[in-house]
Amino acid sequence: MAGVLGSVANMINGSSTASKMTQMHAFGAKHVNPGISRISQIVMKEAKGSWVTSTDGEKYLDFTSGIGVVSTGHCHPKIVKAAQDQVGKLIHGQVSVGFHEPMLELIDRLLPIMPDKSLDNFFFWNSGAEAVEASIKLARQATGKPNVIVFKGSYHGRTFGTMPLTTSKLIYRDGFGPFMPGIHVASYPYCLRCPVRPSLKAGDECCYDPITNLEMLLKQETSAKDTAAMLIEPVLGEGGYIAPPKGFLKKVQEICRKNKILFIADEVQTGFGRTGTYFASEQYGITPDILIMAKGIASGFPLSGIVTRTELAKHQPPGSMGGTYAGNAVACAAAVATMQVFEEEQILKNVNERSQQMFEGLRSIQKEFPQVWDVRGLGLMIGLEFAKDVPSGSASAVTKALLKDKMLLLTTGPFETVRFIPPLNVTSGEVTMALEKFQNAMR
């Protein structure tokens with residue numbers, strides 16, 4: 001054991017930074033599960049704001065934000081201090097033993113920003129997938145019904161309970177079946193590729209063919225009396241960064257209300273300012289029965305949760321919910337600090353200003369490069385899809401070119417699409433730099 005640790009320590013303290021990173025990458029490639037994919041061979045050493053520094057001393061402009069997690073940037077000083085202070089007070093306050101102060105303070109700060117005052121009962125966990133599973137548990141217990149409807153292109157996790165809910169890519173579920181039964185898949189409006197009325201702009205009007213399909217699903221596959229909930233991302237994440245026409249989510253909610261089916265909004269990626277409001281649900285005028293949150297809530301610390309109405313939560317007897325690390329005290333303290341930073345630094349204002357800058361810049365690039373088919377999204381959750389006739393792997397080729405230019409960017413969806421998810425406090429100068437790097441990568 002000591003020998004293995006010693007070898008890594010020797011790599012870290014080695015004299016040659018280039019050989020150090022090569023050796024450390026080789027060590028990781030040998031000992032870390034190969035089921036994890038990654039976009040680079042860099043070994044991250046430290047990070048600050050929108051920048052990541054590798055073991056060999058190179059700095060990368062990070063427009064991945066740890067897949068939308070470090071909402072206030074890497075190692076924001078107020079988040080760091082809050083976590084450091086909490087570590088010296090209470091690291092692990094187990095939820096089945098008692099309450100702890102950071103969680104209660106976090107709830108007090110979250111209540112005023114909920115999409116509706118009826119959302120007043122919280123359960124915290126660690127990851128987005130766990131929170132999704134918690135929402136399904138609640139829906140089944142509260143309704144006494146087994147089935148769940150999800151939407152094509154959705155991503156809700158890779159745990160065994162969430163794999164059947166995820167339809168964005170086969171790689172997330174292929175070879176792991178049979179899955180949990182009772183899951184049915186409805187259509188999601190992908191206006192760019194709509195079979196009824198293709199459109200480059202997902203405006204206020206929709207052909208509503210997905211709504212017709214949803215109504216037929218309730219008549220042909222799972223009846224309302226057997227359906228506990230509909231689970232949907234207000235903006236598809238791993239499915240391609242696709243924002244639906246504004247009327248769509250309201251129609252889905254109306255169907256839920258009419259049929260006494262719970263409406264669950266998975267805001268793991270869209271929540272906490274990513275789309276320009278605290279939650280994307282606000283922009284669509286919907287009130288979920290259950291709202292799922294994670295990622296940006298704690299600026300990089302593992303924390304997730306669901307919020308619902310107390311009347312629904314009352315269906316869950318003591319002991320039916322819980323978890324060893326659920327609502328960790330340090331993570332909750334970081335989340336409280338995150339909320340403070342949002343207010344003090346006017347994060348939402350910056351999101352909307354930088355969003356406008358990003359869209360203007362990307363649409364200018366679109367005019368120069370005809371292979372750019374679509375620029376879409378909300379806030380700082382932006383997708384750029386290439387034309388149907390580009391070679392397979394074009395999006396990945398662009399991200400590889402950007403990596404050489406010291407910028408981190410991810411692909412998304414089943415088609416040739418890249419996504420821009422910078423920290424929410426990204427500066428105007430950093431956005432300008434990212435647009436220049438992207439434009440160069442396209443050439």
Side-chain angles (χ1 to χ4, degrees), residues 107 110-125 128-151 154-157 161-162 165 180 182-186 188 210-211 214-215 217-218 222-236 244 246-272 275 277-294 297 304-317 320-321:
I107 291 172
L110 290 176
L111 282 169
I113 68 169
M114 288 296 108
D116 191 84
K117 291 182 180 179
S118 63
L119 297 171
D120 63 355
N121 195 282
F122 295 80
F123 171 74
F124 294 103
W125 225 339
E130 289 173 301
V132 170
E133 290 192 4
S135 76
I136 301 303
K137 287 179 66 175
L138 173 57
R140 284 181 166 178
Q141 282 188 298
T143 64
K145 298 187 285 187
N147 294 350
V148 175
I149 294 174
V150 295
F151 291 79
S154 62
Y155 177 88
H156 300 293
T162 56
L165 307 170
M180 175 179 71
I183 309 302
H184 300 267
V185 183
Y188 187 97
I211 293 296
L214 178 59
E215 292 171 335
L217 189 147
L218 287 170
T222 174
S223 68
K225 67 181 179 62
D226 287 331
T227 305
M230 294 190 193
L231 170 63
I232 191 167
E233 294 174 283
V235 179
L236 286 188
K246 288 188 177 179
F248 175 74
L249 291 175
K250 278 193 173 182
K251 290 279 187 183
V252 174
Q253 184 171 259
E254 287 170 9
I255 292 172
C256 286
R257 298 286 186 265
K258 177 183 175 182
N259 292 281
K260 296 182 179 179
I261 297 170
L262 296 181
F263 184 97
I264 306 176
D266 182 343
E267 296 238 27
V268 167
Q269 189 158 177
T270 55
F272 292 95
T275 63
T277 50
Y278 272 109
F279 297 97
S281 296
E282 301 169 53
Q283 299 187 44
Y284 291 102
I286 56 173
T287 301
D289 296 298
I290 306 170
L291 187 150
I292 306 169
M293 50 195 173
I297 186 174
S304 66
I306 62 172
V307 57
T308 187
R309 303 190 302 275
T310 296
E311 65 188 80
L312 290 178
K314 284 181 178 179
H315 289 274
Q316 298 193 292
S320 62
M321 300 292 279

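Note that the structure is predicted; figures quoted are calculated from it, not measured. All heavy atoms count here, side chains included; hydrogens, waters and symmetry mates do not. All residue numbers refer to positions in the sequence shown, counting from 1.
- Ring orientation note: the planes of Phe123 and Trp125 are nearly perpendicular, at an angle over 60° on the 30°/60° scale.
- Side chain of Glu267 to main chain of Ser281: a donor-acceptor pair is present (N/O by atom type, distance under 3.5 Å, no hydrogens or angles).
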Given the rule in the side chain to side chain contact (heavy atoms under 4.5 Å, CB included) test, do Lys251 and Leu214 qualify, once you have shown the distances and angles that lead to the verdict?
CA-CA 10 Å; Lys251 290 279 187 183; Leu214 178 59; over 6 Å; no

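- Contact between Ala294 and Phe272 at its shortest, heavy atoms only, is O-CD1, 4.2 Å.
- For the pair Met293/Tyr278, no side-chain contact is recorded, criterion being any heavy-atom separation below 4.5 Å from C-beta on.
- A distance of 5.0 Å separates CD1 in Ile232 from CG in Leu249, rounded to the nearest 0.5 Å.
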I'd like to know whether Thr287 forms a side chain to side chain contact (heavy atoms under 4.5 Å, CB included) with Lys117, so could you lay out the CA-CA distance, the side-chain angles of the two residues, the decisive distance to 0.1 Å, and finally the verdict.
CA-CA 10 Å; Thr287 301; Lys117 291 182 180 179; over 6 Å; no

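- Scanning both residues, Gly128 and Ser304, for their nearest heavy atoms gives N-CB, 4.0 Å.
- Among all heavy-atom pairs drawn from Leu231 and Phe151, the shortest one is O-CD1, 3.4 Å.
- Between the side chain of Thr277 and the backbone N or O of Phe279 there is at least one donor-acceptor pair closer than 3.5 Å.
- A distance-only check finds no donor-acceptor pair linking the side chain of Asp226 to the backbone of Thr222 [under 3.5 Å].
- Between Ile306 and Leu138, the closest side-chain pair of non-hydrogen atoms falls below 4.5 Å.
- Distance check: His315 NE2 to Gln141 CD gives 9.5 Å after rounding to the nearest 0.5 Å.
- Smallest separation of non-hydrogen atoms from Leu119 and Pro288: CD2-O, 3.4 Å.
- Closest heavy-atom contact between Glu282 and Ile113: OE2-O, 4.3 Å.
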Would Ile211 and Val252 satisfy side chain to side chain contact (heavy atoms under 4.5 Å, CB included), going step by step from the backbone distance to the final call?
CA-CA 7 Å; Ile211 293 296; Val252 174; 3.9 Å; yes

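- The CD atom of Glu233 sits 5.0 Å away from the NE2 atom of His156 when rounded to the nearest 0.5 Å.
- With hydrogens and angles ignored, the 3.5 Å screen pairs no side-chain donor or acceptor of Asn121 with any backbone N or O of Thr308.
- Put simply, CE on Met230 and CG on Asp289 are 11.5 Å apart, with the number rounded to the nearest 0.5 Å.
- When side chains are defined from C-beta on, Ile264 does not count as touching Val148, because their heavy atoms never get closer than 4.5 Å.
- In this structure, Asp266 and Pro234 approach most closely via the heavy-atom pair O-CD, 3.4 Å.
- Here the side chain of Asp120 pairs no donor or acceptor atom with the backbone of Leu111 at under 3.5 angstrom.
- Separating the CG atom in Leu165 from the OG atom in Ser135 is a distance of 8.0 Å, to the nearest 0.5 Å.
- No donor-acceptor distance shorter than 3.5 angstrom exists from the side chain of Lys145 to the backbone of Lys225, with no hydrogens or angles considered.
- Summarising the geometry, atom CE belonging to Met180 is positioned 8.5 Å from atom OG1 belonging to Thr162; distances are rounded to the nearest 0.5 Å.
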Could you give me the CA-CA distance, side-chain angles and deciding distance for Thr275 and Thr270, then say whether side chain to side chain donor-acceptor pair (under 3.5 Å) is met?
CA-CA 6 Å; Thr275 63; Thr270 55; 6.0 Å; no

Under the side chain to side chain contact (heavy atoms under 4.5 Å, CB included) rule, what do Gln283 and Lys246 come out as? Steps first, then yes or no, please.
CA-CA 8 Å; Gln283 299 187 44; Lys246 288 188 177 179; over 6 Å; no

